[in-house]
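Nothing here was measured: the structure is a model prediction, and the numbers come from that model.
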Amino acid sequence: MVYAIVKAGGRQEKVSVGTVVVIDKVEGEAGDTIQLEPIMLVDGDKVTTAADGILAKVTAEIVRDEKGPKISIVKYKNKTRYRKRQGHRQLRTRVKVTGIK
């Protein structure tokens, strides 16, 4: 089985052909293809790392843009009547790996 460890948005993901992963927001429309940076490539018993010089390319297709879960941020200081509530949803992109060459 062939799989790769790719760097996507500050994190590393294990992908193979047909895998759908959610990464940080990437510019592009649904259906566009993007290149993911491989860090390690495993092809059966053969393991190639970035230090060895990977010549393989990992291509993926953008499926859709989405938002992550809501995070609640609450700030409070006692004795001053200071309270602040804030929410945040991180923008993400769902991609499907189409090829490892």
Novice: Could you walk me through whether Ser16 and Met1 pass side chain to side chain contact (heavy atoms under 4.5 Å, CB included), step by step?
Specialist: CA-CA 8 Å; Ser16 59; Met1 179 169 182; 3.9 Å; yes
Novice: Pick out which of Val21, Leu36, Val58 makes a side-chain contact (heavy atoms from CB on, under 4.5 Å) with Glu13.
Specialist: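 Exactly one option meets the side-chain contact (heavy atoms from CB on, under 4.5 Å) with Glu13, and it is Val21.
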Novice: Rounded to the nearest 0.5 Å, how far apart are NZ of Lys77 and NZ of Lys84?
Specialist: 10.5 Å
Novice: Kindly compute the distance separating NZ (Lys14) from CD1 (Ile39), expressed to the nearest 0.5 Å.
Specialist: 14.5 Å
Novice: Between atom CD1 of Ile62 and atom CD1 of Ile23, what is the distance when rounded to the nearest 0.5 Å?
Specialist: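 Separation between the atoms: 7.5 Å.
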Novice: Are more than 12 heavy atoms, taken from residues, nucleotides or ligands other than Leu55, located less than 6.0 Å from that residue's CG atom?
Specialist: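 Counting neighbours around CG of Leu55, 12 or fewer heavy atoms of other residues, nucleotides or ligands fall under 6.0 Å, so no.
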Novice: Taking the cut-offs as 6.0 angstrom to the six-membered ring centre and 45 degrees off its axis, would you call Lys75 and Tyr82 a cation-pi pair?
Specialist: no
Novice: Rounded to the nearest 0.5 Å, what separates atom CE in Met40 from atom OG1 in Thr48?
Specialist: 9.5 Å
Novice: Are a donor atom and an acceptor atom from the side chains of Thr33 and Thr59 found within less than 3.5 Å of each other?
Specialist: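 No.
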Novice: Stepwise, does the side chain to side chain contact (heavy atoms under 4.5 Å, CB included) test hold for Val6 with Glu37?
Specialist: CA-CA 5 Å; Val6 296; Glu37 179 184 345; over 6 Å; no
Novice: Looking just at side-chain N and O atoms, do His88 and Gln86 make a donor-acceptor pair shorter than 3.5 Å?
Specialist: no
Novice: Please walk me through it: do Glu66 and Val22 pass side chain to side chain contact (heavy atoms under 4.5 Å, CB included)?
Specialist: CA-CA 9 Å; Glu66 56 188 45; Val22 179; 3.8 Å; yes
Novice: Would you call Arg92 and Asp24 a salt bridge, using N to O less than 4.0 angstrom?
Specialist: no
Novice: Apply side chain to side chain donor-acceptor pair (under 3.5 Å) to Asp52 and list each qualifying residue two or more places apart in sequence or on a separate chain.
Specialist: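 Scan of Asp52 (side chain to side chain donor-acceptor pair (under 3.5 Å), adjacent residues dropped) gives Thr49.
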